[in-house]
Amino acid sequence: MIAFDNTYARELPGAYVEWQPARAPAPRLLHLNVALAAELGLDLAGLDEAALAELFVGNALPPGAQPIAQAYAGHQFGGFSPSLGDGRALLWGEVIDRAGRRRDLAFKGSGRTPFSRGGDGKAAVGPMLREVLIGEAMHALGIPTTRALAVVATGEPVLRESVLPGAVLTRVAASHLRVGSFEYFAARRDHERLRRLADYAIARHDPQLDGHPQRYLELLRAVAQRQARLVAQWMGVGFIHGVMNTDNMTLSGETIDYGPCAFLEAYDPATVFSSIDRDGRYAFGNQPAIAHWNLTRLAEALLPLIDADPDAAVPQAVAVLETFPAAYESAALAVLRAKLGLAVPADVTGDVAAGVAADVAAEDGRLAADFLALLQAQRVDFTLAWRHLAAVAAGEAAPLRSLFADGPALDGWLARWQARAAADGRPAAQRAAAMRAVNPRVIPRNHEVEAALRAASDDGDLAPFEALLAALRQPFSDDAAPARYATPAAPEVTACYRTFCGT
Ligand code: AMP
Ligand code: MG
């Protein structure tokens, strides 16, 4: 029924514990992404809803699944834990999808494991449906992400601040390799297993590096580039991950673990929603620096592979790490240029001096930064501002103007933007369409997410969840989703909004 090929379990003994999911007393299917199941090549035909619930809760794993709890370590809020691991997750195994890509299937919330420490190994309906909503939103926004395949209510209560209905999520990922996977073996000075893990990561994510004389250094570079692009994309849609611990940073460059995440409303880089992030370590504007910090932890873990002589390994790793800020800036500029609807002018491409291109890049960077400064100064909704800027490109300035208390400040900026835009010679309609294709109308607004999850968790009413999910799947359409999904919360609601970890 499902053609598993479990390379992680086969090739990396010592990096996991074989383990079985807990039995769920009364499973009930809450969500199944049928299109994703088809993309994965899963044959679910002939399974009725009850059988699907048994399957995706872990009561009836298919032949070939080989559930394991993966070992990993991690820096959490800056402090190192040498033994985290899957405390409430299990990898079923891997499948090759229809496009030929290897994907992990894994449970979250499937019960205690040897890595559970004090935790109950369980998850609640609300947070698992949140994984569906945010993951699908990110996917529709074109941002690399793990995705939810299914959510099944277990029929069992879980104890948090209150008693909540329990659930199990089935998650799909390019892999579950994280920075913390490498820290686990590095902390134990188990260089043999560390090397096997790195070779495995290369085979899975950077096969072109196989046999490269400096492949571990190049692995670090490849991960840094993926993370630079990923975080630039987060910043482009106002996404705050909320818990960028090293165990939540993937080697694949996919976003993982939608716990205390949230989207910005009014633009402010200092925005923090997570109740446990008291010092703002994972504030919106800190995310690029934290990615760099996390990559430095990956570099430290890889040092013994880069060169047996630390004095030789360190400067090589440092040289790669030092490329991160420029890689991030370049990725961020590409994102912001697209949001601004600016193409590089035709006379700057081709064989014209690189110096001219650099001047244009610097000017475009300033233009973007000045727009963001305006949004911040006037507390303008980030998503609406960009979407309405696309309307300005189409000749309609009123919606954008209505967001700004200080009109002249905006007009000054608009004049500069229009002058720059004219230089690339793009027709207005084409520019407006290009801008609408990257500046979403619909994002997962925090108040809508909370309302949908509350209805599902408290009242068993999935209708708001379904409606929101449908809206999130068409973020760039002007009319696919009802207006409520494109409307910010009242500022006082957002000011009080808090997200919770340990979900
Ligand atoms: P997270 O913050 O969700 O990325 O999880 C960090 C670590 O805590 C991982 O090792 C998880 O497996 C573990 N963990 C989180 N919640 C639970 C839970 N309810 N029971 C057991 N372990 C958990
Ligand atoms: Mg995690």
Side-chain angles (χ1 to χ4, degrees), residues 30-31 33 36 124-149 151 167 169 171 230-231 233-244 248 254-268 271-275 282 284 287 339 381-387 438-457 461-478 480-491 493-501 503:
L30 300 182
H31 175 73
N33 187 332
L36 181 57
V125 163
M128 296 307 99
L129 292 179
R130 172 192 289 271
E131 288 252 3
V132 179
L133 292 174
I134 312 294
E136 290 312 288
M138 296 292 265
H139 178 70
L141 291 166
I143 300 176
T145 178
T146 64
R147 294 179 69 188
L149 176 63
V151 177
L169 165 79
R171 176 160 75 186
L230 178 66
V231 176
Q233 285 188 278
W234 290 357
M235 303 301 282
V237 296
F239 175 73
I240 309 170
H241 184 284
V243 59
M244 284 178 73
N248 290 336
E254 284 182 345
T255 313
I256 195 168
D257 258 358
Y258 295 106
C261 60
F263 280 71
L264 279 181
E265 296 247 315
Y267 179 72
D268 181 354
T271 306
V272 175
F273 290 117
S274 169
S275 61
Y282 300 139
F284 178 73
Q287 296 185 119
K339 289 180 77 69
D381 184 86
F382 181 77
T383 306
L384 282 187
W386 287 104
R387 185 74 182 179
V438 294
N439 291 308
R441 171 173 174 262
V442 178
I443 55 154
R445 297 269 175 191
N446 303 317
H447 63 293
E448 289 290 352
V449 171
E450 293 305 326
L453 299 185
R454 242 188 340 264
S457 183
D461 176 10
L462 287 168
F465 164 82
E466 302 289 355
L468 177 56
L469 181 58
L472 295 172
R473 288 203 157 121
Q474 303 201 60
F476 301 113
S477 164
D478 265 329
R484 63 179 286 185
Y485 298 119
T487 308
V493 172
T494 300
C496 299
Y497 185 60
R498 290 289 169 274
T499 59
F500 295 92
C501 205
T503 48

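In this structure, Asp257 and Arg171 approach most closely via the heavy-atom pair OD1-NH1, 2.9 Å. The minimum heavy-atom distance linking Phe263 with Phe273 is given by the pair O-CE1, 3.5 Å. Nearest heavy atom pair, residue Trp386 against residue Phe382, reads CD1-O, 3.0 Å.
For the atom pair Tyr258 OH and Arg130 CZ, the distance stands at 12.0 Å (nearest 0.5 Å). Note that the OG1 atom of Thr255 and the CG atom of Asn248 stand 11.0 Å from one another [nearest 0.5 Å]. Atom CD in Glu466 sits 10.0 Å away from atom CG in Asp461 (nearest 0.5 Å).
Counting only N and O atoms by type, the side chains of Glu450 and Tyr497 include a donor and acceptor under 3.5 Å apart.
The pair Arg445-Glu265 meets the salt-bridge criterion, with a side-chain N (NZ, NE, NH1 or NH2) lying under 4.0 Å from an Asp/Glu carboxylate O. At a threshold of 4.0 Å, the pair Arg387-Asp381 does not count as salt-bridged, since none of the basic side-chain nitrogens sits closer than that to a carboxylate oxygen.
Between Trp234 and His241, the two ring planes are parallel [angle under 30°; tilted spans 30° to 60°]. Using bins of under 30°, 30° to 60° and over 60° for the plane-to-plane angle, the ring pair Phe465/His31 lands in the perpendicular bin.
Judged by distance alone, the side chain of Thr145 and the main-chain N or O of Glu254 form no donor-acceptor pair under 3.5 Å.
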